[in-house]
Amino acid sequence: MIQVSELTKYYGETLALSQVSFTVQKGEIVGFLGPNGAGKTTTMRILAGYLSPSSGSAKVGGYDVVEESLEVRRIIGYLPETVPIYSEMRVREYLTYMARIRGVDRKRVRSRVDDVIERCGLRDVADRINGHLSKGYRQRVGVAQALVHEPKVLILDEPTIGLDPVQVREIRQLIKELAGDHTVILSTHILPEVSMTCQRVLIIHKGRLIAEDSPENLSRGLMKSQRILVRLQKPPSEPLSALKNLDGVLSVERRDDNLFAIEAPTDQDLRPQIAEAVVKRGWGLLELRSEELTLEEIFINLVTKE
Amino acid sequence: MKGAVTVLHPGRALILIRPLWTRIYEWLTVTALIARREIRSLFSSWIAYVTLTFFAFLIGLMFISILQLGEAGQMRVLYWNTAIILIFVLPIVTMRLLAEERRLGTLELLLTSPVTDWQVVVGKFSAGFFWLLTGLALSLYVPYLINRFSGGTADLGPYWTAYIGLAFFAAPLIAIGVFWSSVTDNQIIAAMGTFGTYLLLYIINWPTEGAAGWAEIFRKISLYYRFQDFTAGLIKFQDIVYYLCWTFLALYLSVQVLASRRWR
């Protein structure tokens with residue numbers, strides 16, 4: 001559905017994107033991950049036909065984003081980073097306007113607007129003025145306008161930024177429901193967001209694509225070893241050697257009074273053995289979990305690897 | 001070869017087959033949508049009302065003073081001055097047209113919708129023109145009262161040509177306003193640029209007053225100079241073409257500015 005090849009963009013002298021290539025299949029949800037200024041917004045703006053690349057090409061639904069910009073814009077729904085709404089309009093009025101601008105048939109406008117109002121949970125505010133809405137509702141109005149013309153491809157730039165946790169969950173749920181019928185490409189700088197909603201992640205840093213995989217593979221592949229955290233109720237004065245002696249344990253580190261971090265190879269799960277050892281010695285097992293790599297760590301890993 | 005491939009593209013082929021008038025109708029529908037939204041936005045803020053009040057008040061003041069001087073026959077002076085008032089008022093109306101969209105970020109939305117840059121620019125221009133028509137409509141009491149008090153003997157011809165003239169005179173002004181509004185997201189700068197351009201085009205013939213030869217060119221460039229004939233009941237084809245050329249040029253440049261975002 002989306003083919004991007006060797007996309008490069010300069011802003012004057014500054015290189016914003018360098019030779020970025022990727023493809024997105026129909027019905028897929030792909031996450032764009034990277035720190036601010038990495039080139040996420042630039043890529044999305046090019047896909048939406050707002051900017052032209054300096055070199056390279058991008059196709060959406062088979063149409064070239066430069067040569068056939070209007071055709072591309074007909075099949076995409078785009079939510080820019082700053083939710084663009086006319087503050088003096090009412091929600092329903094605004095969605096109706098966006099639907100008509102996007103070429104929804106006059107007879108279908110009403111039912112389409114009603115549908116997105118329902119789906120994005122805007123029923124209570126449909127007759128309110130945009131300027132009076134809370135941040136969460138504004139964001140939902142932004143998603144609603146991107147959906148109103150039933151686009152084949154949805155491009156969402158930071159769709160959950162500035163929302164409270166409940167709203168974040170609702171938006172994520174909504175995005176998940178869209179998969180299948182729609183192809184979704186969204187950007188974020190929050191890792192859990194990607195692992196919860198996306199089937200595939202593209203990590204972008206300083207304008208270059210540095211990794212592309214499923215969220216699970218990404219965090220697994222990047223970890224040379226896994227870390228298991230154990231919290232003990234009655235830690236012995238010298239527990240380290242006992243844990244270290246377990247088969248497969250690479251090292252043990254004391255994080256604080258009763259929290260220990262155990263390094264183990266990624267290919268075997270040592271948690272049953274650790275639990276057994278702790279229970280047998282009567283140290284009182286309070287907690288046992290494997291530690292996930294955070295985006296920060298993945299990032300540092302990827303960047304330092306270069 | 002490349003052209004042939006493009007024509008064979010399913011989307012393109014469909015567009016080519018569709019009759020011309022449907023395409024024109026669709027083009028106008030979307031343009032009208034943009035214009036209508038802008039008009040509603042203009043009239044939901046104070047700007048439209050303040051500028052219209054100001055405009056109508058000044059015309060009323062001039063009307064009364066001309067009557068007091070007993071010069072009802074010289075009503076064309078009123079329309080000369082109306083044109084000058086427009087030079088001051090129009091920048092305030094046009095400054096927001098595109099600059100506001102840019103500031104809100106809605107321009108990004110508009111330009112990623114299946115809408116051409118020309119539709120955006122013409123839509124904005126039409127909204128400005130709607131303001132003008134409203135303003136002119138508010139001054140229609142002038143010919144009405146003249147007709148009434150002259151007992152129907154007054155020749156209203158020059159009045160109507162003056163209104164036609166004002167519309168043609170203001171069209172390039174509004175287009176210049178659209179251009180400046182497309183350049184910046186700062187509305188003050190847009191208004192200043194617009195006003196500066198108006199003044200330049202207004203006074204460009206002053207140093208040439210009475211001179212002949214090459215100075216004639218400057219007089220012909222002046223937008224205001226040509227307007228005076230309209231108030232005398234003269235509608236000249238070349239004047240209309242001249243005003244339309246200026247309008248087109250300014251709108252064309254605005255489209256180029258919008259399109260240039262892609263390459264910056």
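Each chain gets a letter, A, B and so on, in the order the sequences are listed, and its residues count up from 1.
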Cut-off 4.5 Å, heavy atoms of chain A, and the answer for R40(B) is side chain

Counting heavy-atom pairs under 4.5 angstrom with chain B, the leader among R100(A), H149(A), E81(A) is R100(A)

From the list V30(B), T29(B), L104(B), the residue making the most non-hydrogen contacts under 4.5 Å with chain A is L104(B)

Bottom line for T106(B): the part with an atom under 4.5 Å from chain A's heavy atoms is both

- Query: Would the number of heavy atoms belonging to other residues, nucleotides or ligands and lying under 6.0 Å from CZ of F54(B) be above 12?
  - Reply: no

If one checks every heavy atom of E93(A) against chain B at 4.5 Å, the contacting part turns out to be side chain

Applying a strict 4.5 Å limit to non-hydrogen atoms, the region of I85(A) in contact with chain B is backbone

So, the part of Q119(B) with a heavy atom under 4.5 Å from chain A: the answer is neither

Just wondering, more than 12 heavy atoms not from K9(A) lying within 6.0 Å of its NZ? yes

When the 4.5 angstrom heavy-atom criterion is applied to S54(A) and chain B, the contacting part is neither

* Just wondering, are more than 12 heavy atoms of other shown residues or ligands nearer than 6.0 Å to OH in Y252(B)? -> no

Taking everything shown except R36(B) itself, do over 12 heavy atoms lie less than 6.0 Å from its CZ? no

| said: Atom OH of residue position Y10(A) - does it have more than 12 heavy atoms of other residues, nucleotides or ligands inside 6.0 Å? | reply: no

Quick one: are M89(A) and R37(B) in side-chain contact, heavy atoms under 4.5 Å? yes

Taken to the nearest 0.5 Å, the spacing of I101(A) CD1 from I34(B) CD1 works out to 4.5 Å

dist R102(A):CZ -> T112(B):OG1 (nearest 0.5 Å) comes out at 6.5 Å

*E108(B) and Y78(A): side-chain contact (heavy atoms from CB on, under 4.5 Å), yes or no, with the steps?*
CA-CA 9 Å; E108(B) 188 170 346; Y78(A) 175 47; 2.6 Å; yes

Bottom line for S45(B): the part with an atom under 4.5 Å from chain A's heavy atoms is neither

Practice task
Before giving the answer on side-chain contact (heavy atoms from CB on, under 4.5 Å), spell out for L109(B) and Y50(A) the whole-Å C-alpha distance, their side-chain angles and the decisive distance to 0.1 Å.
Solution key: CA-CA 9 Å; L109(B) 204 59; Y50(A) 185 68; over 6 Å; no

Would a distance-only check, ignoring hydrogens and angles, find a side-chain to backbone donor-acceptor pair under 3.5 Å from R73(A) to P114(B)? no

**Heavy-atom neighbours of Y141(B) OH exceed 12 at 6.0 Å** = yes

Note: P84(A) and G105(B) closest approach over all heavy atoms is CB-O, 3.3 Å

